[in-house]
Protein chains: 4
Amino acid sequence: MVRTVGSHGPKTMEAIRKAGLKLIHEHGYEAMTLRQLAAEVGVQVGSLYNHISTKQDLLFDLIKAHMDDLLAELEVRLAGIDGPVERLKAFCAFHVAYHILRKREVFIGYSELRSLDPNHYEEIVGLRRQYERRLTAILEEGRQQGLFQVGDNAVAAYGILAMLTGVCTWFRPNGRLTREQVAEIYSDMVLRGLVPPDQLPASSPLR
Amino acid sequence: MVRTVGSHGPKTMEAIRKAGLKLIHEHGYEAMTLRQLAAEVGVQVGSLYNHISTKQDLLFDLIKAHMDDLLAELEVRLAGIDGPVERLKAFCAFHVAYHILRKREVFIGYSELRSLDPNHYEEIVGLRRQYERRLTAILEEGRQQGLFQVGDNAVAAYGILAMLTGVCTWFRPNGRLTREQVAEIYSDMVLRGLVPPDQLPASSPLR
Amino acid sequence: MVRTVGSHGPKTMEAIRKAGLKLIHEHGYEAMTLRQLAAEVGVQVGSLYNHISTKQDLLFDLIKAHMDDLLAELEVRLAGIDGPVERLKAFCAFHVAYHILRKREVFIGYSELRSLDPNHYEEIVGLRRQYERRLTAILEEGRQQGLFQVGDNAVAAYGILAMLTGVCTWFRPNGRLTREQVAEIYSDMVLRGLVPPDQLPASSPLR
Amino acid sequence: MVRTVGSHGPKTMEAIRKAGLKLIHEHGYEAMTLRQLAAEVGVQVGSLYNHISTKQDLLFDLIKAHMDDLLAELEVRLAGIDGPVERLKAFCAFHVAYHILRKREVFIGYSELRSLDPNHYEEIVGLRRQYERRLTAILEEGRQQGLFQVGDNAVAAYGILAMLTGVCTWFRPNGRLTREQVAEIYSDMVLRGLVPPDQLPASSPLR
DNA sequence: CATGAATGAGGCTTCATTCAT
DNA sequence: GATGAATGAAGCCTCATTCAT
């Protein structure tokens with residue numbers, strides 16, 4: 001249990017967020033105690049309340065910040081990319097990369113939804129729907145242009161998201177495959193699941 | 001909220017398991033209290049201890065029983081089916097069906113792993129690996145026979161499992177699609193992600 | 001700090017009420033801690049919650065029981081007594097006696113009103129008004145019969161109640177005066193404050 | 001809720017006393033928190049300690065100042081008044097007026113005595129006794145001159161003080177009666193409770 | 001087997017107070 | 001003189017677990 005003794009002043013809030021992320025990821029929100037959190041930060045339990053208003057609020061803050069980032073970075077990534085196939089590839093690559101790099105936020109964002117207060121829950125679910133709509137819009141566009149063969153638009157979106165997100169479960173930074181390789185493999189799988197072979201871009205080797 | 005008031009005799013243990021499943025699914029293991037459980041069963045808290053030895057043990061029992069069933073039923077389903085393509089289709093259909101029918105067990109089996117004691121954890125993870133090996137074996141067989149084009153065997157297995165398992169997240173019993181339709185859609189997506197078009201069985205319309 | 005070690009079973013609730021009365025009287029509701037209460041009862045803090053639902057509820061219970069008793073016993077005391085003068089004397093005697101015998105309940109009933117939840121507060125204030133109306137009814141009756149000379153009915157009632165109630169502040173069980181003597185002195189003062197001398201009953205010596 | 005935002009300089013202490021008076025009256029000393037106090041003053045919690053040394057000390061200051069004022073103003077009021085009957089009337093009128101005008105100080109001075117440290121408690125009780133002795137001296141003088149008929153000197157004093165003080169409980173500034181009328185009514189009641197009718201001054205109509 | 005009550009640890013939160021800036 | 005953050009104790013309450021009846 002690392003102890004950043006003497007963390008002080010405006011840095012404390014950042015330390016709390018970081019420690020909260022770590023502990024909630026490890027033990028779950030319900031199982032994490034503020035004693036653990038305070039110890040990890042290197043501070044007395046009561047001092048936490050100079051920075052957060054409630055354990056519940058800390059959870060919401062973390063998830064909200066994650067969702068905001070996710071949406072904002074996706075926007076940046078898709079900007080200027082045209083055509084459903086290229087946009088889908090970009091989406092997949094982005095999703096995999098983000099989910100590898102911010103594994104813990106992602107995990108918490110999914111698994112601790114039920115620990116949110118009803119109001120907080122609604123807000124986060126709304127953001128999540130916004131994100132999903134980015135993908136369904138691409139699928140719909142591709143379908144209308146006759147590029148994608150999709151049994152059901154929504155089912156396909158759910159399936160794709162679940163598959164891509166699964167990367168969090170097993171990816172290890174120093175494993176056999178690099179982040180880019182994994183993104184490539186997944187993008188391929190998704191595209192081949194949707195695009196008739198003769199429409200596949202030449203750049204996608206059937207390796 | 002079913003409440004088997006005054007449940008007696010050997011039925012109580014069954015009621016506890018059922019209520020536990022429900023409550024852990026709703027609130028999570030850490031968040032569920034034995035008071036809630038007792039109330040759901042229609043019994044006083046102390047009485048639970050005539051049937052379970054520990055809250056932790058109840059969790060393990062539920063997950064273990066689920067894993068045993070999963071493995072046993074898969075065995076039954078694959079029995080007598082030959083050829084990687086057909087076996088893969090059977091696997092997908094089974095996985096989807098089971099995950100739809102026993103949503104709560106499945107969810108708990110994934111999300112509450114971290115709440116298990118180390119020993120219990122190891123045992124369950126072992127069973128889970130057994131299950132995954134059933135899939136990788138099929139993939140490997142298909143690859144060796146030149147039927148599947150897989151970038152990476154393990155990555156493909158993880159991707160497939162994550163995608164199929166995702167069905168729990170969104171499937172609603174009385175929704176637009178039947179269980180069979182969903183199984184078909186998913187099987188298709190998986191097969192097309194792995195099998196070169198000319199190898200696809202005629203029975204799989206590219207609808 | 002007396003410790004009734006081993007208090008058990010159905011006696012515990014009674015012990016809690018008794019200890020609560022004592023401690024709230026001594027330190028005030030806000031200042032009394034459940035640690036103190038549990039220690040006084042001879043029990044762990046958590047055990048209190050097998051008998052009370054909340055610190056606030058204990059306070060309400062104590063005050064409510066006191067008000068119910070006060071009203072019930074007054075009814076008994078006034079039963080069968082006729083005529084405003086005799087009824088006023090009986091009221092005074094009863095009030096003084098009750099307030100001497102149940103000093104602590106009385107004190108708490110006054111001073112901790114503000115610590116009650118709004119709902120509880122309203123209920124108790126309603127009962128208190130009922131009690132005051134018993135006195136104003138007597139005063140009004142006496143005034144209509146020309147027996148009492150009262151500047152203002154309500155002011156007189158408040159004045160009388162405040163005076164009589166003040167006995168709690170100073171009376172000591174083994175002091176110079178007996179409970180009956182004090183009741184007599186107070187009754188006299190009240191009657192002489194209201195009744196013209198020629199209407200005073202012969203039984204009230206101007207000693 | 002007046003909020004003197006940004007109160008500066010020597011005015012802050014006065015604002016603290018005023019806010020303290022209000023909040024202790026409303027919630028009681030134990031229930032009032034320094035956070036509430038600071039908010040009411042329009043200052044951060046820590047800043048309070050530039051003006052007070054302790055929460056306990058603030059309480060003592062407020063009560064002590066009240067008692068000092070009470071004694072000093074009584075002295076002024078009684079100065080130059082001769083004869084037990086007139087002095088008693090003056091005492092009653094003063095007591096009622098003061099208790100109406102400084103309701104909150106009075107209330108706190110009674111009800112928060114028990115929240116004082118032992119040393120502070122003794123000092124305040126001493127001052128209170130000084131005040132009571134002013135009344136008993138008048139009663140004793142009247143008795144020796146054969147003007148008052150008192151069953152018991154001390155009991156009478158307690159009774160009178162309790163009655164007069166009770167005015168705090170119900171008087172409303174814009175109610176049916178003026179402060180002067182109430183003082184008159186109370187004085188009458190007290191005098192008639194003590195003075196044989198033939199000794200009553202002509203100025204006191206038996207209205 | 002069920003119950004009700006006890007335990008002791010620990011949960012989140014708030015408190016009065018201190019002190020560097 | 002004001003501020004914000006730290007402290008450590010303590011607040012009420014809930015928990016899983018035990019056990020006599």
Side-chain angles (χ1 to χ4, degrees), chain A residues 6-13 30-38 41-58, chain B residues 6-13 30-38 41-58, chain C residues 6-13 30-38 41-58, chain D residues 6-13 30-38 41-58:
Chain A
S7 65
H8 209 76
K11 290 179 208 158
T12 305
M13 183 60 210
E30 293 281 353
M32 174 192 76
T33 74
L34 295 190
R35 284 204 226 294
Q36 289 176 304
L37 183 61
V41 174
V43 120
Q44 294 300 114
V45 182
S47 305
L48 296 174
Y49 284 84
N50 288 321
H51 306 276
I52 68 176
S53 61
T54 261
K55 191 191 177 192
Q56 166 74 208
D57 257 38
L58 174 60
Chain B
S7 64
H8 262 295
K11 292 180 204 157
T12 305
M13 184 58 208
E30 292 282 352
M32 175 192 75
T33 74
L34 293 191
R35 273 158 185 71
Q36 287 175 302
L37 183 60
V41 173
V43 119
Q44 293 303 113
V45 187
S47 307
L48 295 175
Y49 285 85
N50 291 317
H51 304 274
I52 67 175
S53 61
T54 264
K55 191 188 176 191
Q56 166 71 212
D57 259 36
L58 173 61
Chain C
S7 64
H8 207 77
K11 290 180 207 157
T12 306
M13 182 60 209
E30 293 281 354
M32 175 192 77
T33 74
L34 294 190
R35 285 204 226 293
Q36 289 175 304
L37 183 60
V41 173
V43 119
Q44 293 301 112
V45 182
S47 304
L48 295 175
Y49 285 85
N50 288 321
H51 306 275
I52 68 175
S53 60
T54 261
K55 191 191 177 193
Q56 165 74 209
D57 256 38
L58 174 61
Chain D
S7 64
H8 261 297
K11 289 180 207 159
T12 305
M13 184 59 208
E30 292 282 351
M32 176 192 76
T33 74
L34 293 191
R35 273 158 185 73
Q36 288 176 302
L37 183 61
V41 172
V43 119
Q44 293 302 113
V45 187
S47 307
L48 294 176
Y49 284 85
N50 290 320
H51 305 275
I52 69 176
S53 60
T54 263
K55 191 189 177 191
Q56 167 72 211
D57 260 35
L58 174 61

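Every chain is numbered from 1, with letters handed out A, B, ... down the list of sequences.
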Does the side chain of [X] get closer than 4.0 angstrom to OP1 or OP2 of [N] through an N or O atom?
{"X": "C:His51", "N": "E:dG4", "value": "no"}
{"X": "A:Gln44", "N": "F:dA6", "value": "no"}
{"X": "B:Thr12", "N": "E:dC1", "value": "no"}

I need the [atom1]-[atom2] distance between [X] and [N], as an integer number of Å.
{"X": "D:Leu58", "N": "E:dA16", "atom1": "CG", "atom2": "P", "value": "11 Å"}
{"X": "C:Asn50", "N": "E:dT7", "atom1": "CG", "atom2": "P", "value": "10 Å"}
{"X": "D:Met13", "N": "F:dG1", "atom1": "CE", "atom2": "P", "value": "12 Å"}

Could you report the tightest heavy-atom contact between A:Leu48 and A:Leu34, atom names first, then the distance?
CD1-O, 3.7 Å
Between D:Gln36 and D:Thr33 the two heavy atoms that sit nearest each other are OE1-N, 2.9 Å
Between [atom1] of [X] and [atom2] of [Y], what distance do you get to the nearest 0.5 Å?
{"X": "C:Asn50", "Y": "C:Met13", "atom1": "CG", "atom2": "CE", "result": "11.5 Å"}
{"X": "A:Met32", "Y": "B:Glu30", "atom1": "CE", "atom2": "CD", "result": "12.0 Å"}
{"X": "D:Arg35", "Y": "D:Leu37", "atom1": "CZ", "atom2": "CG", "result": "11.5 Å"}

Paired runs of 3 or more consecutive Watson-Crick or G-U pairs involving DNA chain E, with both pairing distances under 3.5 Å, are E:2-21 with F:2-21
Within the distance-only criterion (no hydrogens, no angle test), does the side chain of D:Thr54 pair as donor or acceptor with the backbone N or O of D:Asp57 below 3.5 angstrom?
no
How would nucleotides 12-19 of chain F be written as a contact map, 5' to 3', with B for base contact, S for sugar-phosphate-only contact and - for no contact, using protein heavy atoms under 4.0 Å?
SBBBBBB-
